[in-house]
Number of protein chains: 2
Amino acid sequence: MPKEIIEVNQDIYEDTSILAREINKKLTEKKIYTVNILGGAGAGKTSVLIQIANRLGSIDKFVIEGDLESDIDTKKLQALGFKSYQINTHGTCHLNAPMIQAIIGKIELGNGGMLFIENIGNLVCPAEFEIGEHLKVLICSVPEGSDKPYKYPIAFQKAGAVILNKKDLMPYIDFDRDYFLSGVRAVNPVIPVFEVSCKTGEGFDAVVGWLLKSSSFLR
Amino acid sequence: MPKEIIEVNQDIYEDTSILAREINKKLTEKKIYTVNILGGAGAGKTSVLIQIANRLGSIDKFVIEGDLESDIDTKKLQALGFKSYQINTHGTCHLNAPMIQAIIGKIELGNGGMLFIENIGNLVCPAEFEIGEHLKVLICSVPEGSDKPYKYPIAFQKAGAVILNKKDLMPYIDFDRDYFLSGVRAVNPVIPVFEVSCKTGEGFDAVVGWLLKSSSFLR
C-alpha cells in the first residue's frame, strides 16, 4: 500500500480521536456511561442490547443504532420503549466521532444513565475508531465459529468485554469453547468473557452485574 | 467526512479497478474462472468453498485465502489437497487488486481451471473492490438473520449469486425466508439464491451446476 494512503489514514485517526475525547469528556460530565457495541453482521448486537437494557431497571437508557441502511433495529427498540436514534452511514463501514457528535446534539441527555452505541456489523473496521465511549463490548456468536479471535484479533484486543451469544445453539454446532477462550486470552489476557443466550436470557445477570460495577465510577 | 478523504478513496477505486481489469484479462486468457467469495465473519465461506471444490471433479482448482491474520483456513485447505495460498492483510478490511497481483505471480496457473478467492470476513468493505474476478458470490448464513439484505444492500447488489448457508439450523432459529428473499430481490431482482448446508451437503449440486454453466464461456 502506498505511503501517502497510510498517512491519510493516520490523519483520520488523529482528527476523530481528538473529537472522541471531547465527546467522552462531555458524556462523563453528564454521567452517561457509554458502551460501543461491536460485532459482525448477525452476531445479535441488538438482541443483546435489549436483554441488557431490560435488566437495567430505572437507569436512564439511550441507544444509537448504526447501520449502512435501514432503521429496522431503531424501530424495534422504539417499539420496546427505548429512546433510540438512527445513524445510516450509506456505505461507510464504521461509526466515527463526527457522526456521534452530530447525533448527540439531538438527544436530550439527562444527568446520569447509559448510552449504548450499536456500531456497524463488521468485525474489522469499527474496532479501530474511538467514538467517545467508556467501554467497547464485542458480541460474538456460537455459529460464527471458535476461530474468530485468531482471525480478527484487533476487535478482541480493543474490547473491554466479550459476550458470546447464541449459547443455545451449542448442541447443534461444532464450537470448541477451549479453543475460542485460548484465542481470546492470547490477545487480551484479562478480558471477561460472558456466554449468553438471547433466546433463554441465560447469562445476562452476570453481564449486567459486571456492567453496573464497571460504570459505578460515574455514580 | 472531509472532502479530501473522499477524493483519496475515489483514487483508490480508480487505480485498483484498472489493475483488476488487467488481472481479469490475464485470468480470462488462461481460462481460469475466478470467483470472489464474500461474506461476514463466520458465514462459512471456507466450508462452502470446500463443498464446491470437492464437486468440481478433474477441474484444476486454486484457492487464495484472505485473512487479517492467521493461516488456519489455508492449512485446512492444503490438508485437503487443494492448492492454497494465504494473504494476510494485517488490519486491512478487504482484499484489493495489488494484493491479488502480487500473489498470482507466485501461483503456477495452468491453462483452464477455477480460482476461488476468499475475501476478508466482512459484509461491508470487500464488496466495493474489484480484484480481477469473473463473479462475486455472497455467502450468508441462517443464524445471521433474515434482515441482512436490508441492512447490507451493497454486498447483495454486487453479487452474482447468493448462497444461504447453515440451512440445517433452520429448525432452531427464527429465520424468515420470505423476508430474506424479498430483501434480496429488492436490491438484485435476478440473482440466484441457493440454500445449502455444509453439514449435510444439501444444495451444493445445484450451486456447482450453476457455476459450471456460468463459467462455460471460458471452456
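Please read all numbers here as calculations on a predicted model, not as lab measurements. In what follows, chains carry the letters A, B, and so on, assigned in the order in which the sequence lines appear, proteins first and then strands, with residues in each chain numbered from 1. Computation of the quantities below employed the complete heavy-atom set of this structure, encompassing side-chain atoms and omitting hydrogens, waters and symmetry-equivalent molecules.
A salt bridge is absent between K151(A) and E65(B): the closest approach of a Lys/Arg side-chain nitrogen to an acidic carboxylate oxygen does not fall below 4.0 angstrom. With respect to R177(A) and E195(A), a salt bridge is recorded, a charged nitrogen being found less than 4.0 Å from a carboxylate O.
Note: F156(A) and F180(A) have perpendicular aromatic rings, judged against thresholds of 30 and 60 degrees for the angle between ring planes.
By number of non-hydrogen pairs under 4.5 angstrom with chain B, the leading residue of G91(A), A41(A), A43(A) is A41(A). Per-residue heavy-atom pair counts under 4.5 Å with chain B were compared for G44(A), P153(A), G121(A), and the maximum is reached by G121(A). Most heavy-atom pairs under 4.5 Å with chain B: of the set G145(A), C93(A), G40(A), this distinction falls to C93(A). Heavy-atom pairs under 4.5 Å with chain B were tallied for L169(A), I120(A), D174(A); the largest tally goes to L169(A).
To the nearest 0.5 Å, atom CD1 of residue I72(B) and atom CD of residue Q86(B) are 9.0 Å apart.
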Practice task
Using the ring-ring contact (aromatic ring centres under 6.0 Å, His included) rule, take Y150(A) and Y179(A) through it: C-alpha gap first, then chi angles, then the decisive distance, then the call.
Solution key: CA-CA 10 Å; Y150(A) 304 90; Y179(A) 183 62; 4.4 Å; yes

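Between I117(A) and E133(A) the shortest side-chain heavy-atom distance does not fall below 4.5 Å.
Proximity to chain A is limited to the side chain of I154(B), based on heavy atoms less than 4.5 angstrom apart. Neither the backbone nor the side chain of P98(B) comes within contact range of chain A; no heavy atoms are under 4.5 Å apart. Contact of K148(A) with chain B is made through the side chain alone, with heavy-atom distances under 4.5 Å.
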